[in-house]
There are 4 protein chains.
Amino acid sequence: MPSGVRGRPRSEGSRQRILAATRDLLLESGYDQLSIAAIADAAGVGRQTLYRWWPSKASIVAECVIENVLPLRTVVADPERPALECLRAWLGESRRRLAMPDQLALFRALTAAAASDETARLRLDALFGGAIRHSLRSALERGVESGELRADLPIETVADLLIGGMLYRLVRADEEAGDAVEDTLKLLAP
Amino acid sequence: MPSGVRGRPRSEGSRQRILAATRDLLLESGYDQLSIAAIADAAGVGRQTLYRWWPSKASIVAECVIENVLPLRTVVADPERPALECLRAWLGESRRRLAMPDQLALFRALTAAAASDETARLRLDALFGGAIRHSLRSALERGVESGELRADLPIETVADLLIGGMLYRLVRADEEAGDAVEDTLKLLAP
Amino acid sequence: MPSGVRGRPRSEGSRQRILAATRDLLLESGYDQLSIAAIADAAGVGRQTLYRWWPSKASIVAECVIENVLPLRTVVADPERPALECLRAWLGESRRRLAMPDQLALFRALTAAAASDETARLRLDALFGGAIRHSLRSALERGVESGELRADLPIETVADLLIGGMLYRLVRADEEAGDAVEDTLKLLAP
Amino acid sequence: MPSGVRGRPRSEGSRQRILAATRDLLLESGYDQLSIAAIADAAGVGRQTLYRWWPSKASIVAECVIENVLPLRTVVADPERPALECLRAWLGESRRRLAMPDQLALFRALTAAAASDETARLRLDALFGGAIRHSLRSALERGVESGELRADLPIETVADLLIGGMLYRLVRADEEAGDAVEDTLKLLAP
DNA sequence: GTGTAATCGAGACGGTACGTCCAGTCTTACA
DNA sequence: TGTAAGACTGGACGTACCGTCTCGATTACAC
């Protein structure tokens, strides 16, 4: 019974080293300064190996995110805890992350990647529109059911607004004033 | 009494031609394809003139926005009309713009610029955090006063969420479902 | 047993085209007008290929000479003919060459290159101090042995003076008077 | 009755400062690195002032030589001393100068200027073909008259060879062996 | 074992854009 | 009018990457 695979197989070690090198360089110097040649050199890998497997710089970065190589473990709402508490935790934790220079730079890099490259946009949207939006949505639904949140809450729209609010902080230059977390929750309360 | 100004003054004509050329090229081919050399050539200007006055490509783009060279005339809430109507108009018009490929590409370019360049971030934030936020805030305030909106509305936070909601659409890959405009307004209603 | 050679080998064709293009441009417009970008364009070669293999414009010119790409085939003393006749031929031919505008411009370019660039100086000296000086020296030695020239002739010094005399003509502005060839030979006669 | 000269007269101070600055920069970094903008800045002079009075970089350098701003005081044969002694002094002193790195660099700069620029060639030839050649010629003539040198010495040709011998040392890369001074004199002896 | 085939590292290739430097000109205010 | 200052268009410089290509070497499967 013949196998369908001929020739030397793809090197998993190289792939891992490429993702690790991308992560390091991205955290060091940001998305714009990241070059494919530098990734290849840092990973000890031929340049063609990168071009063979990824169509663009942005998609390598996106794969780093998907593979959890980049420290982007998003706060996922815990289905056991009350909805309001979940949302408060997500809002607060997100804000804390964006106050850390490393994480801020990283998120900005991802935003730049998504804004300029179609492939990266698709992959990143799969993450944010998938994992994050789903967990937010479920927390909102639980809140509505339990009466913690307004009964007429437009779930989809609110989830979009919450994620957008995070995003807006990335491209803002100044610091935010006031207790945005509680203000946001007030909006959702009955 | 000697004047403090020596030497040939900066050419306003060159500056205008640079901004116009930047606008044209940006709308044609997008932010990533935009090169400083191409701007200089299209403007009939020496390359050094660009480097003399702007620190980066992104900041030229930002100045285009500030100077209203780019067609970004934001919908400013009309202080004569009812607040709710103003907000509805702003939300609807913003969504319509982002449905137009040209405008979408342009906004994405600006987002990429803001995400990757400090100078551009400062300039763009002055616009969005200035003109747009201010008009949204005043509309929200009028709405609270007139009773059209909830009395306990956290103005600042809501303005951030509304702008963020717009921004999130830029980096999303898929289409939005539902009547987001009315859903958003429902959130703010008493 | 692994070979020590890795990567794509240097393209001999590109090297040849670069030297040919340098020759053409040099004969057309002179050394000062010669630019690396123009060579690269004329040779249909990337600019980096030039910088990869040559440290300076002058050393490319020098390599042209070494490779006999430039029409510098020096008059080499024929060991069969009498020494005096050889020297007379070399002196006369050299003078005739420097009377031709093309050859004069070319020699001036080489002199400028040697005067301003260390690499070029080394390479050109290998030519003049090698081929030309060697042939002159052997002619002088034959002349001394056969009695055509003074027995006490300081060979090295005379060779230097003869080459120097040629060189001096390059940087002189006015025309030379008198029969310099015969005068020079008279100096060397017994 | 008004003078025939209108407007502000040429500033002699500026001219002096320009020549001084040219000398300093030339001795520092060589002819190729010398730029008109740098001269103007170092001299505290407007760039236009340079272009108004000199046609090229090389001609400024040439004027430095003519004005003895550059330390090129050539050994002029002393008419009181015996001819042979004069020539020996000139040959030795010239060789000593070319052994000093500063002087060598300076002479090379002048050679490069003469080889690449018509104006500089004319001006420098006026110096070497004027002052130096004249003094050499008169020393040779005295030597012939006094019997110190060969009676049939071709004065012009020998002067050319002596200057050329010096010149050749400029563009040579290696060191010279042997006692070239005495060898040269031997050639001229009866 | 002995092909056959695809991947690997390395690195040169033709190009594009960068940001700097300088050339030579032009336009101010001042002397 | 000459001068210092300094902005202007234009263009070469040398560097950094891009995406492609061409090597020898490696590593699997198929025969």
Side-chain angles (χ1 to χ4, degrees), chain A residues 2-11 13-14 33-41 43-53 55-57, chain B residues 1-11 13-15 33-41 43-53 55-57, chain C residues 1-11 13-15 33-38 40-41 43-53 55-57, chain D residues 5-11 13-14 33-41 43-53 55-57:
Chain A
S3 138
V5 192
R6 293 281 293 252
R8 181 175 181 171
R10 176 173 182 182
S11 159
S14 291
Q33 306 306 319
L34 190 66
S35 81
I36 292 189
I39 295 176
D41 288 352
V45 140
R47 204 121 46 89
Q48 195 62 31
T49 303
L50 286 164
Y51 288 109
R52 204 181 337 264
W53 302 111
S56 70
K57 181 176 75 168
Chain B
M1 191 167 127
S3 137
V5 190
R6 299 283 291 248
R8 181 175 180 172
R10 176 173 181 182
S11 159
S14 290
R15 183 172 153 276
Q33 305 306 318
L34 190 66
S35 83
I36 293 190
I39 296 177
D41 288 351
V45 143
R47 202 129 46 94
Q48 196 61 40
T49 301
L50 287 166
Y51 287 109
R52 197 178 349 260
W53 300 112
S56 69
K57 183 175 73 168
Chain C
M1 192 167 132
S3 137
V5 190
R6 301 282 290 248
R8 182 176 180 172
R10 178 173 180 180
S11 160
S14 291
R15 183 173 154 276
Q33 304 305 318
L34 190 66
S35 82
I36 293 189
D41 287 352
V45 143
R47 203 131 47 91
Q48 196 60 40
T49 301
L50 287 164
Y51 289 110
R52 198 179 346 260
W53 300 110
S56 68
K57 184 176 71 169
Chain D
V5 190
R6 296 280 294 259
R8 183 175 178 173
R10 177 174 181 183
S11 159
S14 290
Q33 307 304 321
L34 190 67
S35 81
I36 293 191
I39 296 177
D41 288 352
V45 142
R47 204 117 47 92
Q48 197 59 38
T49 302
L50 285 164
Y51 288 108
R52 207 185 328 270
W53 301 110
S56 71
K57 181 175 75 167

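Letters go in sequence order (proteins before strands), and every chain restarts at 1.
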message: Between Pro9(C) and Pro9(B), which residue's closest nucleotide on DNA chain E lies nearer the 5′ terminus?
response: Pro9(C)
message: Please confirm whether the shortest side-chain N or O distance from Ser14(C) to OP1 or OP2 of dA12(E) is below 4.0 Å.
response: no
- prompt: Is the distance from OP1 or OP2 of dC8(E) to the nearest side-chain N or O of Trp53(A) less than 4.0 Å?
  reply: yes
statement: When rounded to whole Å, the CG to C1' distance for the pair Leu50(B) and dC8(F) reads 12 Å
message: Using only atom types and a distance under 3.5 Å, with no angle test, would you say the side chain of Lys57(C) pairs donor to acceptor with the backbone of Ser35(C)?
response: no
- request: Answer yes or no on whether Arg15(B) is positioned over the face of Trp53(B), meaning its NZ or CZ is under 6.0 Å from the six-membered ring centre and within 45° of the axis.
  value: no
CG on Leu50(A) to CD1 on Ile39(A), rounded to 0.5 Å: 6.0 Å
message: Tell me whether the side-chain N/O atoms of Thr49(C) come closer than 4.0 Å to OP1 or OP2 in dG14(E).
response: yes
Value in whole Å for how far the C1' atom of dG2(F) lies from CZ of Arg6(B): 13 Å
field: Shortest non-hydrogen contact from Arg47(D) toward Ala37(D)
entry: CD-CA, 3.7 Å
Atom-pair distance (CZ on Arg52(A); C1' on dC8(E)), nearest Å: 7 Å
- request: Return the value, rounded to whole Å, for the distance between atom CG of Asp41(B) and atom C1' of dG10(F).
  value: 10 Å
field: Nucleic acid footprint by protein, nucleotides 21-26 of chain E - heavy-atom cut-off 4.0 Å, B for base, S for sugar-phosphate alone
entry: BSSBBB
task: Give the rounded distance in Å between these two atoms: CZ of Arg10(B) and P of dT9(F).
output: 11 Å
Euclidean distance, Thr49(A) OG1 relative to Arg52(A) CZ, rounded to 0.5 Å: 5.0 Å
